[in-house]
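Numbered from 1 within each chain, the chains take letters A, B, ... in sequence-line order. Since we're looking at a predicted model, the values are computed, not measured.
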Amino acid sequence: MCHPYTDLKKCVTIATSRAVSLLGLEADPDKIMNLLQEPPRPDFGDIALPLPRLSRQLVEKCGEVARLIESLESECVERVQCVSSYLNVWVKSSYIVKKLVEALSKFGSTYGITRRERPLRVVVEFVSANPVHPLHIGSGRNAVLGDFIARAHELSGDHVERRYYVNDLGLQVAYLVYGYTKIGRPKHPPEMKDDHFLGLLYAATSIISDIVKLKKKAASLVENEALEARKEIDSLMSDLLRIRRKAPELVDKLMEFTESSEDLEQEVRSIAQALERGEPSIADAHREVVDRVISGIRETLTKLGISFDKWDYESELVRSGLVSEVVRRAQSSDFFIYYKNAPALDLGRLARDPEVRRALAIPENLEVPPLILARSDGTTLYTTRDIAYAIKKFAESGADMVYNVIAIEQTLPQAQLRLALYALGYVREAKSLVHYAYEIVNVKGLSMSGRRARYVTVDEVLDLLVAKTRELAESRGVSLSEELLLKIARSALKYVMLSVSPKKTLVFDPEQAVEVKSGTATYLQYTLARANGILSKYGKELDYTKVSKEGLVGKRKELALLIARFPEVFRKVVVELTPEDLVSYLNRLAEVFNSWYDTDPVIAEPDEELRNLKLVLVYGTKVVVENSFKLLGIDVVERI
RNA sequence: GGGCCCGUGGCCCAGCCAGGAUAGGGUGCCGGCCUUCUAAGCCGGUGGUCCCGGGUUCAAAUCCCGGCGGGCCCGCCA
């Protein structure tokens, strides 16, 4: 792939270095190249070099350097000015045109995309939300980011497998199975999606269990503590009542059938054990309820346009014997210990080795406690099963690299996972397992909790966005198909998820997120539709041989430089997996394009060469936006 | 108690790692622009003690130290 902007920076660097050495001074060309930056304002030129960061002598001779560069008559430099210790360089229109035409005529629709010479096999495990409730907005962020990572590798030519880990064992599912069987495997009401309905059942069961537990405990408490417990019970009751308003029969039935339960929590625990053993008596109900939630989740993911290659069930993993194999292997490991009377790995000891820490990217200052592998009742813990799963992912897919897209709050268990793999002899796997961490999503005015059914679901946000989009279209007398509405809606949601750094907590305001205005995916889709509109109206092949060399002025030049920068931006985003950088670049590009579009007609341009130049800019914008959309997973809409 | 992350106009975010121009966008609010390629657009205006206090430096939103405020982790939960 050629990089027009890199070429430009090289060219400016050569001219500058030459001038500097003619003055008898020195400056490292690499450093110059690195420092070249986009000026904050158009009257500071097209590209700028901050001299103070090179040397003080250069600052003193700033004006001289500027004049000297100009006199060298480089093919790229038109004018150089020295303003407050900066060299501000105006670039020759002919140079940018030449570079852009070269790149676009050669690469066309693949402009900016680089394929790896030796493709990797990559596994991206993402979403993996527990099959006990619908996808909420936090899982939505996971889904969008995971899809982005998969796309980044696919666009680099890698072979990518997207896997969803269905966590159908453990206490959470046991609660759901308990409630589900107690009230006779209920059907969902017609107006509610199955996963939403079962999410309520799960939460109601879990809440009732907590209330029972707290009530018992409260009986033996005094004064303040009793009061605290009372308050907690009240809060649980209000959650339960909220659920009851949505599904009255469900809650009433559940209350009735759980009243007789002596020790609800113990019953749930024994269900968890039975599930892990694969007890036939509840296997049917278990599979049924998990499938019902998962099909609801799949429906949501389909709406988002996100698909998976493999659905891995935790119960199958356990049945395959891999989990017990992990425990056996651990027992013969040097790091095996008993911790709190339970079998464990002393990963803290391993983590003290600085070399291991570095190789496994264990965060500095992270204290690693021993990892308990199994409860005293013999059932394994989540991370133990995750060790087995990691091994499976590498082995089955022949993966060079595995991504676990998991919330940042799981930094410790993910570090333990890598250390455990290492301790068990899976050194390559441990080094090639990447925890792609993202911060949680907070919803304005709601403390989220799956166990309390307090969440904003992806489904409801999409519904809201579709409704809002439809309303807006209708108010303009445009009728859009349902498919188009969904594409606009889900793109708007993805944009929100991708425009904020994954490392930052996302505050989700449902009211604001459903806006479809400037600074959103819709704005970008609209920009692309405009560019496509011009090209289809023109209707002919672009003639690259007759393009005006001198026509890049004002906004045109600004736009050309932005298009020229695309391959670098794209490369950085793909390598560093920072979607937010691409989004802010696209916003700039769209802004410049729209501003230019408004004042400078393309089709109506009488001069053929100038018209062709403008068409190059339109086509460049189109390709850049389309390729960015491929990476971000935003839909192209032909009309908006 | 220990550790990690965050704090930038009313609201949301970029810039911080590799210190340098008058701190950028978006949104909000006020005003203007459709006989010309899509007005989900464009143009103009409004709005900031870069959390606070020290330090380093010719130069600090950026680096260092100490606070304050918010979030998260330190489970035989996931």
Within the structure shown, what part of the strands sits under 4.0 Å from A/A529 by heavy-atom distance: base, sugar-phosphate, or nothing? base
When you compare the side chains of A/Q172 and A/N167, does any donor N or O come within less than 3.5 Å of an acceptor on the partner? no
Name the orientation class of the two ring planes belonging to A/F593 and A/W596 (parallel below 30°, tilted from 30 to 60°, perpendicular beyond 60°). perpendicular
Between B/C76, B/A39, B/A78, which nucleotide has the shortest distance from any of its atoms to the side chain of A/I372? B/C76
Rounded to the Å, how far apart are A/L524 CG and B/G41 P? 11 Å
Among the nucleotides B/G25, B/C43, B/A78, whichever has the atom closest to the side chain of A/K555 is B/C43
Closest nucleotide among B/C37, B/G20, B/A21 to the A/F44 side chain: B/A21
With a 4.0 Å cut-off on heavy atoms, is A/P50 in touch with a base, just the backbone sugar-phosphate, or nothing at all? nothing
Any stacking of A/Y597 on B/G41, going by centres under 5.5 angstrom and planes within less than 30 degrees? no
Tell me what A/N365 touches on the nucleic acid: a base, only sugar-phosphate, or nothing, going by heavy atoms under 4.0 Å. sugar-phosphate
What is the distance, to the nearest angstrom, from the NZ atom on A/K340 to the P atom on B/G75? 6 Å
Donor-acceptor pair between A/N404 and A/K393 side chains, under 3.5 angstrom: yes
Between P on B/C37 and CD on A/E638, what's the gap in Å once rounded to a whole number? 20 Å
Under the rule syn = chi within 90° of 0, otherwise anti, which is B/C17? anti
Could you check whether A/A407 gets within reach of a base, just the sugar-phosphate, or nothing at all, counting any heavy atom under 4.0 Å? nothing
Does A/E576 reach the main-chain N or O of A/T578 with its side chain, forming a donor-acceptor pair under 3.5 Å? no
Could you state the OH-P distance from A/Y495 to B/A14, rounded to the nearest angstrom? 12 Å
Could you check whether A/K504 gets within reach of a base, just the sugar-phosphate, or nothing at all, counting any heavy atom under 4.0 Å? sugar-phosphate
For a quick check, tell me whether the side chain of A/N88 and the base of B/A21 share a donor-acceptor pair closer than 3.5 Å. yes
If you only use heavy atoms from C-beta on, which nucleotide in B/A21, B/A39, B/A78 is closest to the side chain of A/V83? B/A21
Quick one: label A/N532 by what it contacts on the DNA or RNA (base, sugar-phosphate, nothing), any heavy atom closer than 4.0 Å. nothing
Can you measure A/Y338 atom OH to B/C76 atom C1' for me and round it to whole angstrom units? 14 Å
Atom-pair distance (CG on A/L506; C1' on B/C5), nearest Å: 15 Å
Could you tell me whether A/L381 contacts a base, only the sugar-phosphate backbone, or nothing, with contacts defined as non-hydrogen atoms closer than 4.0 Å? sugar-phosphate
Would you call A/D210 and A/R452 a salt bridge, taking side-chain N to carboxylate O under 4.0 Å as the test? yes
When the distance from OH of A/Y585 to C1' of B/G25 is rounded to whole Å, what number comes out? 16 Å
By the 4.0 Å heavy-atom rule, please label A/L480 as base, sugar-phosphate, or nothing. base
Looking at every strand, decide which applies to A/T383 at a 4.0 Å heavy-atom threshold: base, sugar-phosphate, or nothing. nothing
Side chains of A/D312 and A/Y164 only: does a donor on one sit below 3.5 Å from an acceptor on the other? no
Which part of the nucleic acid does A/P363 contact within heavy-atom distance under 4.0 Å: base, sugar-phosphate only, or nothing? nothing
Indicate, with a heavy-atom threshold strictly under 4.0 Å, whether A/L366 touches base, sugar-phosphate, or nothing. nothing
Could you label the plane-to-plane angle of the A/H133 and A/Y455 rings as parallel, tilted or perpendicular, counting under 30° as parallel and over 60° as perpendicular? tilted
Contact class for A/R588 (heavy atom, under 4.0 Å): base, sugar-phosphate, or nothing? nothing
Going by an N to O cut-off under 4.0 Å, is there a salt bridge joining A/R385 and A/E314? yes
Are the ring of A/Y86 and the six-membered base ring of B/A21 within the stacking cut-offs of under 5.5 Å and under 30°? yes
What contact category does A/R385 fall into here, base, sugar-phosphate, or nothing, at under 4.0 angstrom with non-hydrogen atoms? sugar-phosphate
Paired with B/G28 by Watson-Crick or G-U wobble geometry, both distances under 3.5 Å: which nucleotide is it? B/U46
Can you figure out which of B/A78, B/C74, B/A39 approaches the side chain of A/Q410 most closely? B/A78
Rounded off to whole Å, could you give me the CG-to-C1' distance for the A/N341 and B/G75 pair? 16 Å
5'-most by nearest nucleotide on RNA chain B - A/E409 or A/R375: A/E409
Quick one: the side chain of A/S595 and the base of B/C42, do they pair up donor-acceptor inside 3.5 Å? no
Which nucleotide in B/A78, B/U38, B/C76 has an atom nearest any side-chain atom of A/A342: B/C76
